[in-house]
Structure formats: structure tokens, C-alpha cells
Amino acid sequence: MIPATVISEDSVVKAVSWLCVGKCCGSTKVLFYRWLVAVFDFIDHKEKINLLYGFFFASLQDDGLCPYVCHFLYLLTKKENVKPFRVRKLLDLQAKMGRQPHLQALLLLYKFFVPTLISISLPKKKIYFKNSENLWKTALIAVRQRNQRPSPEPLKLMLGPAIVRPGKRKWKAHSLIPVLNSSSHSKEYGKKGMNVSDYLSSNRSFPVEKLRSFPQLLQNIHCLELPSQMGAVLNNSLLLHYINCVKDDSILLRLYHWLSQILQDECIWYKVNNYEQRKEFTNFLDTLIRAQCFLQEGFCSCETFLYKSLPLWDGFCCRSQFLQLVSWVPFSSFSEMKPVIFDHLAQLFFTSTVYFKCSVLESLKELLQNWLLWLSMDIDKKTVPDSSLETTFGGFMNSLSQLIHYVGWLSTNAMRLESNSTLLLHFVLDFYEKVCDIYINYNLPLVVVFPPGIFYLALLSLDSSILNQLCYIMHRYRKNLTAAKKHELILKTKSEFIFNNKTYEEYNHYLTAMVGCLWTSNPFQKGSYIDSKVFTKIGVENHKNSLNLVQHPALLSYSVSFLLQKFPEERTVDVSSIQGKKWSWYLDYLFSEGLQGLKLFIRSSIHHSSVSSSKSINPMINMK
């Protein structure tokens, strides 16, 4: 019962026939279905087995068999297997047994294939089936190792660190990912004297072993025979193209099942203490990440792996790979993901170095970008207004907003812990560079401004690049809010999702503070988050004259350099002399020094009649 290579489909059909003679006890049937689940990816073909779908489905009536039959059907189901009478039967079973995870998994799969047949809402869980075949899989590996021959090398599907024998057998580059091998090709092709044309004349399928180029893929895409073990596609860009083009969900289900076995059962990587093993598993994760980047889609199996392993992660082992997996987590409800991903990540975030914090923020920025791309593409497909779609879309926007607010909370507390680190603040502002352009770049009705703890740190920073980045972000916020307001006026409707007066009020408040600090020397008026008495306590009594484009701490070196270069004949350097025409020349000097964000902010957010005097400058805050 333990295969050395693959299992013949006919032998499975013959074994199923013995279930019908009435001589098998319940425990034997349970063992048989558990065996089918464990060796599913080793079965050479599944067409004849799928013809017995009705027989397997009828076995759901047995309470003892139901969980195992559901698991097997979950792997076997194709779109054509989903019928209205089967949906009704599953709903009846759920009403009888309650909301069992295995029944919900099968119903969710049916709804995925044919959404119109199931109108009830089904909660998405992270784990539906219990993995109780670990000992069997260990036996599978042991037998295949015992039967191993030097040439040809047998297929290897799973190899966990617990069963590796150091000194006798080392991991190889392809030990986790199987080699390309289509089952019918391995049986027929390769016979003495048989070439590719002879093989294709006797068999309509095209073996993946002979796939060499993209034109060849296009010519044979209708008859391509996928490998017997789906994990082999991860190392083949042509097969990844095929998965991306052919809308066959059963292919992804097979791949996810294979990944689940590797990631959840065999690769307990947080226990890996051998350098070679860790290196091989790191390479495997890199392959997974490259495949997800290629497909521009996160794998559900990787998401489940994160849920299980994140509580045990030390934040050091495979750090780069782990954080990249986080950035490819498929979009789902933030409230569901927070306790299983973000709360555990926050514990490591607050107790690790500033470099780890920067890496986490970069990963969350990439996660936000992937979610935005997915949602923007999804919106383009929703051409027909529908109330259920609006409800779902509102939930999507709320999840995005919650993620952004969560990163704002992380960032604010991290800046306190790291004593206002300039490096960390750069990564925080990089995140908000993505946030400020959501409406224009992704056509999504969402604008979330940064929290005060981030804004004021950036505004009063001693680093000119931080101030310049803040100016650019404020400029882009203005562009997005103006475009949103214009869109509302054209449609004469108010967005029911995120846009409201509070968003505009927050932006106007920040805009007033920036203009006061950079132009009018009138910062932190009444109602500001920073009380002017704070400056008196720290010894800056005349703070109104200490904050403008000339005397701002981040720009003071520029004003001194400007005077030394443009007016070398002056004996003393008096930055307060930069007024009138000097003010205009000083602006041009700042812009020539590469402060493009400052340039865009001043030109877009400040209207003035003359550049010769700062007194005639007034901020334009007409957003409400």
C-alpha cells in the first residue's frame, strides 16, 4: 500500500469496488479513505476515479466516514461535479450535524466553483481538516529511501528534518521539489525506438518533459499533460504560465494540497538547527516566493503555514523569506488576520532591533501594494451595480483602512521605542507614500492620513530628506483629495465608504501646521496637537521666528550655505537677512539642491501674489 513511485488508477478503482461487497467494517473504510488522502498526489490519473464521484458522495451519509470522505472529495472535486442536488444534500447534512469544518470546506469549494448555487454565507477558516497521516507519510518516505536506486533517481515529494540522517544522506537541491514527470510519459515514452512524433501519434497528451519554449506551450496548451506531482511546476516558468492562463481551479487545488503536505507536516523549519538543512529549506522558500511573484498571487497553503509557525518563530531564522511570505498573504478580513498574524508579528516587532522593524514595515508596504492591486483589478470587473457587491466592497475598504491604521499604530510606538530613529522614519514615510496615492493610482475611494505622532516627528525632523519626503506626501494627499472632491461634485453623490469631512479636516490641520512652520512663521496655533508652551519649557522662547524655510532645523544648513555661496563678501552670516529678493533666490537655491518634494508642496499648496515678501503668502485650505 506504500508506493515507491506512483499508484495505478486502476488499482484504486478495483479497491473501491471491494467497498461495495458489504464485507468491509467501518474502521477499514476509514483507513481506506485516509490512505486515499495521504497518497492522492501519487495516483497517476484521476479520470476514472472522478467517474465514481457519485459513489464517494453517497458515503457522506455515514457519520463515521463523513470527515474523511469530505477531505477526499475536496481534493477530487472539479467544477462539473458541482450539482444542485449535491448542494442541497450538503446543506441537509449541515443542518443535521451542525457547522462541521469538513462540511463547510466542501460547501465553500462548491461555492467557489458555482457561486450562484449557494447563497448562505460561509465563514473562512484557516484549517478545515486534521492531518492525521503523519506516521503514514514517514513510512512513505522510509520505503522510498529503502527502494532508492542510483539511476534513475526516484521522485521525492517530502523530506522533513526529523528523518534526515546527518552524515549518511544530505539534502539535495531537488529533494523538496519533485522533478518533472508525467505519468503516461514515464510509462510509454522512452521505449526503445519511440520518438516524440511516435509518442504524440499514439497519445493526445503532450509530455511536460518535452516542453522547451513558450511557442511550444501555446501550440500544445490544449493537450498538455501536467506532472503527476504538482510541486514540480514551481521550478518551471512555462508551467506557471500555463497555470496562470488556464482557468482550471482543480490545478491550483492540487498544488495547494501538495504545498500543505510539505509546509505543514514535513518542514518543521523552526526546529531546524543543521546548516545544510536550513539552507535547503531557505532555497525552497525562495522558490515559493518567486512562484508567487510570477503569478502575482499568494498561495493559501503559505498563508496557513504562517498561521501555524508564526507563534513559534524567533524572528531570526529565514527572516527575509518569512517576511516576504507575509507580504503575499491573500486578501481577507483584517479582523480575522489580526489575531493569527499581526498580533504575533507585533510582539516580535516591539522587542527586536530597529533593522527588524524596518524590514517588517517594508513587508507590510508590499502587502498593502499586493492587496491594492488585487482590489483595483477586481473593481474593473464589477461593471454591474449590485447591492451585495457594494456590501462586500465596503468590507474590503474597511479591511484596507484597518491595515493602514494598524501600521500607523505600530509606527508611532516604534518611533518612541527607537528614540525617533531617522532610519525608521524613512521606512514609515515610504509606507505612507503608497497610502497617499491610493485614490489616483488604484481608483479606490480610500484616503487615510498619517497619525499625529508621525506627522509632527517628520515636520520637526533635523533631516532635510525627511522633511522633503513629508512635503511630497502632503502634495500627493492634496492631489488625491482634490480629485475625490471633484469626482463627488460631478456625480453629486457622497462616497459611502471612507471619504468624510473628518478626512479633509485632518489634512487641513496638517496643512496649516506645515505652512506655519515653513512659510508664515506662525506654527502650532490654537487647537494644535503641540502646545506652544512646550517650546518655552525647552528653552525656545521665540519659536515663531525659529520655524520657517530659513531657520527650520532641517534647512538651516541650506540657508547658511546659500549666503556663503551667493554673498561671500558679507562678513557675518545672518540668516534673518534672507528677505525680499533674497527669499526668492533662496527658494530657487533650495529647489536646485534636489528638494523636489518641497518644491511641489509650495507650488501646489501655497498661493501668493508676490515672491518678494513672505507676508503676502497665505495657505490655500479650501478642501471642505
Side-chain angles (χ1 to χ4, degrees), residues 358 361-362 364-366 368-369 372 404 407-408 411-412 415 420-444 446-485 503-504 506-520 523 547-550 552-559 586-608 611 617 619-623:
C358 294
L361 289 175
E362 181 69 18
L364 293 176
K365 184 187 78 171
E366 293 173 0
L368 176 66
Q369 177 176 298
L372 290 171
I404 295 170
V407 175
S411 304
T412 303
M415 292 302 298
N420 304 329
S421 165
T422 301
L423 174 64
L424 183 60
L425 189 54
H426 269 297
F427 279 86
V428 174
L429 293 181
D430 282 345
F431 178 83
Y432 281 99
E433 270 196 44
K434 185 66 61 178
V435 173
C436 68
D437 260 332
I438 289 177
Y439 183 79
I440 291 179
N441 287 352
Y442 300 96
N443 194 28
L444 295 172
L446 179 67
V447 175
V448 181
V449 295
F450 26 46
I454 298 302
F455 171 78
Y456 285 104
L457 282 179
L459 179 59
L460 300 176
S461 172
L462 301 178
D463 192 305
S464 60
S465 62
I466 291 289
L467 182 63
N468 183 64
Q469 195 174 8
L470 175 67
C471 289
Y472 174 78
I473 293 173
M474 289 295 290
H475 164 71
R476 295 309 304 172
Y477 268 128
R478 179 182 186 81
K479 288 286 187 182
N480 281 259
L481 287 169
T482 304
K485 176 61 72 175
T503 304
Y504 292 107
E506 289 178 346
Y507 172 80
N508 286 335
H509 178 81
Y510 290 157
L511 179 61
T512 304
M514 284 195 68
V515 173
C517 282
L518 299 178
W519 202 270
T520 63
L547 287 174
N548 52 41
L549 282 177
V550 174
H552 190 285
L555 300 175
L556 189 59
S557 61
Y558 286 92
S559 58
Y586 175 63
L587 280 182
D588 293 336
Y589 174 78
L590 289 178
F591 300 158
S592 67
E593 289 295 309
L595 299 177
Q596 294 301 309
L598 179 66
K599 177 180 179 181
L600 290 171
F601 173 76
I602 290 178
R603 291 189 174 179
S604 65
S605 298
I606 299 177
H607 280 182
H608 51 92
V611 295
I617 309 304
M620 185 183 70
I621 315 175
N622 299 315
M623 301 297 296

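For the single chain, residues carry numbers from 1 onward in sequence order. None of these values were measured; they are calculated from a predicted model.
Atom CG of D588 and atom NZ of K599 lie 9.0 Å apart (nearest 0.5 Å). Residue S604 holds its OG atom at 9.5 Å from CE of M474, rounded to the nearest 0.5 Å. The distance from the CD1 atom of I473 to the CZ atom of R476 is 11.5 Å, given to the nearest 0.5 Å. In this structure, Y432 OH and F427 CZ are separated by 16.0 Å, a value rounded to the nearest 0.5 Å. For the atom pair CD of E593 and CG of L555, the computed distance is 11.0 Å after rounding to the nearest 0.5 Å. For the atom pair CG (N468) and OG (S461), the distance works out to 11.5 Å, reported to the nearest 0.5 Å.
The minimum heavy-atom distance linking L600 with H475 is given by the pair O-ND1, 3.6 Å. Of all heavy-atom pairs spanning P451 and G408, the tightest one is CG-O, 3.9 Å. Of all heavy-atom pairs spanning N480 and C436, the tightest one is ND2-O, 2.8 Å. Contact record, Y586 with L549: OH-O, 2.7 Å, taken as the closest heavy-atom pair. Between H552 and L459 the shortest heavy-atom distance is NE2-O, 2.7 Å. Contact record, S464 with A554: CB-O, 3.5 Å, taken as the closest heavy-atom pair.
The closest side-chain donor-acceptor pair between S465 and D463 falls under 3.5 angstrom.
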Exercise for review: Mind running side chain to side chain contact (heavy atoms under 4.5 Å, CB included) on S411 and L361 for me, showing each step along the way?
Suggested key: CA-CA 8 Å; S411 304; L361 289 175; 3.8 Å; yes
Exercise for review: Apply side chain to side chain contact (heavy atoms under 4.5 Å, CB included) to C471 and L595, showing your working.
Suggested key: CA-CA 9 Å; C471 289; L595 299 177; over 6 Å; no
Practice item. Determine, stepwise, if the pair F450 / Y510 fulfils side chain to side chain contact (heavy atoms under 4.5 Å, CB included). Key: CA-CA 10 Å; F450 26 46; Y510 290 157; 3.8 Å; yes
Exercise for review: Check the pair I466 / L470 against side chain to side chain contact (heavy atoms under 4.5 Å, CB included), numbers first and verdict last.
Suggested key: CA-CA 6 Å; I466 291 289; L470 175 67; 5.6 Å; no
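Inter-residue side-chain proximity for Q469 and D430 is flagged as met; some heavy-atom pair is nearer than 4.5 Å. Using a 4.5 Å heavy-atom cutoff, the side chains of I404 and I438 are in contact. Counting heavy atoms from C-beta on, the side chains of Y507 and T503 never come closer than 4.5 Å. At least one side-chain heavy atom of L598 sits less than 4.5 Å from a side-chain heavy atom of L518. Using a 4.5 Å heavy-atom threshold, the side chains of I602 and W519 count as touching. F591 is listed as a side-chain neighbour of R603, based on a closest heavy-atom distance under 4.5 Å. By the 4.5 Å heavy-atom criterion applied to side chains, Y477 and V435 are counted as neighbours. Within the 4.5 Å cutoff, side-chain heavy atoms of L429 are placed close to those of I454.
For the pair S559 (side chain) and L556 (backbone), a donor-acceptor distance under 3.5 Å is present. A distance-only check finds no donor-acceptor pair linking the side chain of Y472 to the backbone of L467 [under 3.5 Å].
Between Y589 and Y558, the ring planes lie perpendicular to each other; the angle is over 60°, past the 30° to 60° tilted range.
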